Amino acid sequence: MRRFAAFRRTAAFTFLMATPCLGPPAARAADPQPYEVVLRPSGDDALDAAVKDSSTLTQLKDKSPVGGFALVQRARDDAARFEAAAHAFGYYDSTVTVAIGGHPIGDPALVDTIDRAPAAPPLPVSVAIDPGPRFHLGQVTIDGTPPLNAGPPPNIWPPLGIGSGQDALAANVLAAKEQLLAALREAGYPLATVTLLPAVLHRDRRELDVAFQVATGPKAAVGSIRFTGLRDVSETFMRARLALKSGDPFSPSGIETARQELLSLGVFASVRILPAEALDSHGDLPLDVTVEERKPHAVDFGAAWSTDLGANLNAAWHHRNLFGQAEQLNLTAAVQLGGSATDKPGAQLGAQFIKPDFLRHDQSLEVSVNLVDQNLIAYDQRALIERIGMTRKLSPHWSLQAGILAEQESVTQEDIGRRYNFVGLPISLKFDSTTNLLDPVAGIRAALSVTPVQSLSGGGFYLITQLSGSAYFDLGHSGRSVIAVRGLLGQASGVGVFGLPPDQRLYAGGSGTVRGYRYQSIGPQFADRKPTGGTAVSAASIEFRQRFLQHWGAATFVDLGQVSGDGKLFSAGWRAGAGAGLRYYTPIGPIRLDFAMPLNPVRGGDSGLARPSDAPRRENSGLECRRSHRAPASAGRRDPARREYRSRPAID
């Protein structure tokens, strides 16, 4: 033990004496090892994007740093992904090269090289893909028993959308598979399956043969339909409302249409229609309709402001399912405060009842009563408006509305008060191919309305006609750059300006018509510059909308139009307004803030009324057939059953 202890002391002394001769300690290698990824362009932008999206080297560089061994393995995994991406784009002779610090990932000493590398600078990881020539599709075949309703060759199978000679893109082949499966199921084969067989590669011809194996299964109809989740809504009503019936041909598009129709009732938060996984004993396919009911009551509040109409405050109470068959009862109240186009505050009270599927499917009954008290520069009005009407859906895009309108009102204009009592028969045909009610980005909206009116207070019979339309063009097919165009023609026939009640005459100007002009300031005027109203209108508007970031957007617009008092279209001088605005996009629709100026101002129509001593002058221009504070209805007026104290853009 003494000799061993002496040996340890000698060894320790020797180590201490030798240590100064070793010099300073070497720099320590980084663990984990920082690196930078360089993706060299391949010449195919789509391939480069796919490579970047699939690269764990890029995605995990900062999130999950690793040492040498794991970094090499990560690079090898990425190389396999890059090769698969190249094949997916038809480059089957492609070459993928991945190097770390200038060394190929197959270098046996690469791990040790990485482990010895310092932290700075980060190791470069370079990725280069030489795609080579692109392959094309060779034979495209479908194997299996043709469907029962197949036509003669070559129409035995539904079209695939791909064919010989096209680029061998994996996305197109997979899309063809889904298209074939969807077509078979739409043809009434709910259990059909389509399998993509292994492709055959011909490198000498640079071709790829593709084959699909099809099993149609039996043709089936809709079987029993079961409802789950119903609480307050009547199942009897639901079965009558559902467009699908037992025995109907199976159709996925028909199922989706039926689901959308149930959602449109407004009483359900969600609707799912799921086919069973197997046929029943009769060879039919049962359906399970699962719904989640919304709360029966709702209260909402709203606010808006414009320089001409001031502040609008409104509230509403809704019952979505009054008698158990999705009947709606809507009670509304609104007040209008201030504004350059008003004399004093105004108010509105309204009640509306809607009965869906009245007498037949896709036909609703609407009954409404409104009390209106408004005090505008153009006139003061106290009115009771009653309306009963029906709306029938003719097709997915077309609808027809007809009803009876009655109104009793007292109107004061130019210090002269009169009482009016009249009835009308508003009829309108509408077309709408847009997919978003509040923020359309593509499609067309058009409406033709004709309203015969008979005065019951000493007046005569007259006709109001309106043709309006708007079109939306999605420039980038992403909904972010949109051009919206709108046109309008309206005319009152068989009556002069002063044969119409003041609230039925045509006015224009304001945030809801020609922006940049005060509400109702465009069109014929009295000697004191107060609006008279007209009997004909023609107008157009164009707006460019651009979204940026996630929720923000901007718009520029030009509005123009004319209003005449002689009942003739295009007979008055045109007025135009232009401006720009901001948009904030919410899940329920955009919030708009517009700034506009008149390009050829109306005297007294923008900053205030002209003095009575000014020389009389008749102004004729405008954009929209607008009945004050009312939602659009028949030509030249607001629908008196839906008056509202809320301004809106010239293009919705």
Side-chain angles (χ1 to χ4, degrees), residues 302-316 331-352 368-387 405-422 424 457 464 497-498 500-513 517-526 528-534 563 605 608-609 622 624-634 636-648:
W305 179 84
S306 62
T307 56
D308 50 1
L309 293 177
N312 165 253
L313 304 174
N314 55 79
L331 304 179
T332 59
V335 294
Q336 194 80 40
L337 306 173
S340 61
T342 63
D343 286 330
K344 56 183 178 180
Q348 177 208 15
L349 293 175
Q352 179 192 51
S368 62
V369 178
N370 284 267
L371 289 170
V372 175
D373 179 0
Q374 57 182 348
N375 304 278
L376 306 171
I377 297 296
Y379 55 83
D380 296 338
Q381 180 192 29
R382 313 289 180 272
L384 172 64
I385 309 139
E386 309 93 0
R387 185 179 187 274
L405 164 71
E407 183 167 344
Q408 305 83 46
E409 63 179 359
S410 174
V411 181
T412 300
Q413 187 176 53
E414 293 292 282
D415 298 325
I416 299 175
R418 287 194 59 183
R419 297 186 65 84
Y420 296 92
N421 187 3
F422 58 86
S457 54
I464 300 176
V497 171
F498 295 102
L500 286 169
D503 65 307
Q504 290 189 17
R505 300 171 196 166
L506 310 184
Y507 300 89
S511 58
T513 53
Y517 294 81
R518 189 172 60 187
Y519 178 60
Q520 294 184 331
S521 65
I522 299 176
Q525 296 180 349
F526 291 104
D528 60 2
R529 304 297 180 191
K530 291 185 178 181
T532 301
V563 174
L609 294 175
E624 179 184 11
C625 296
R626 176 171 182 135
R627 188 174 185 184
S628 53
H629 299 293
R630 301 177 188 178
S634 56
R637 59 172 298 169
R638 292 293 201 183
D639 182 351
R642 295 189 179 183
R643 303 187 188 218
E644 58 179 18
Y645 288 79
R646 180 173 60 88
S647 56
R648 59 180 177 81

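Computed from a prediction, not measured in an experiment: that's the story for all the values here.
Counting only heavy atoms from C-beta outward, the side chains of Val369 and Ile385 never approach each other to under 4.5 Å. Taking the side chain as every heavy atom from C-beta outward, Pro501 and Val411 never approach each other to under 4.5 Å. Side-chain contact check for Pro531 versus Tyr519: every heavy-atom pair is 4.5 Å or farther apart.
The CG atom of Asp308 lies 13.5 Å from the OH atom of Tyr517; values are rounded to the nearest 0.5 Å. Here the CG-CD1 distance, from Leu506 to Ile522, works out to 13.0 Å after rounding to the nearest 0.5 Å. Between the CH2 atom in Trp305 and the CG atom in Leu337 there is a gap of 13.0 Å [rounded to 0.5 Å]. With values rounded to the nearest 0.5 angstrom, Leu309 atom CG is found 5.0 Å from Gln336 atom CD. Note: Leu376 CG to Thr412 OG1 = 12.0 Å, rounded to the nearest 0.5 Å. Between atom CD of residue Gln520 and atom OH of residue Tyr379 there is a gap of 5.0 Å, rounded to the nearest 0.5 Å.
Across all non-hydrogen atoms, the minimal contact from Ala334 to Asn314 is CB-CB, 3.8 Å. The shortest non-hydrogen separation linking Gly350 to Asn370 is CA-OD1, 3.6 Å. Listed here is the closest heavy atom pair of Arg505 and Val497: NE-O, 3.0 Å. Counting all heavy atoms, side chain and backbone alike, Gln413 lies closest to Pro502 at OE1-CG, 3.7 Å. Taking each heavy atom of Ala508 and Val563 in turn, the nearest pair found is CB-CG2, 4.1 Å.
In this structure a side-chain-to-backbone donor-acceptor pair under 3.5 Å is missing from Gln381 to Val372. Between the Tyr420 side chain and the Glu407 main chain, no donor and acceptor come within less than 3.5 Å of each other.
Partners of Glu414 under the side-chain contact (heavy atoms from CB on, under 4.5 Å) rule, at least two apart in sequence or in another chain, are Phe526, Asp528, Lys530. Shown here are the side-chain contact (heavy atoms from CB on, under 4.5 Å) partners of Ala333, two or more places apart in sequence or in another chain: Leu349. Qualifying side chain to side chain donor-acceptor pair (under 3.5 Å) partners for Arg382, counting only residues two or more places apart in sequence or in other chains: Asp373, Asn375.
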Pair Thr532-Phe498, side chain to side chain contact (heavy atoms under 4.5 Å, CB included): steps then yes or no
CA-CA 9 Å; Thr532 301; Phe498 295 102; 3.7 Å; yes
CA sep, side-chain torsions, deciding dist, call: Glu386, Gln408, side chain to side chain contact (heavy atoms under 4.5 Å, CB included):
CA-CA 9 Å; Glu386 309 93 0; Gln408 305 83 46; 2.8 Å; yes
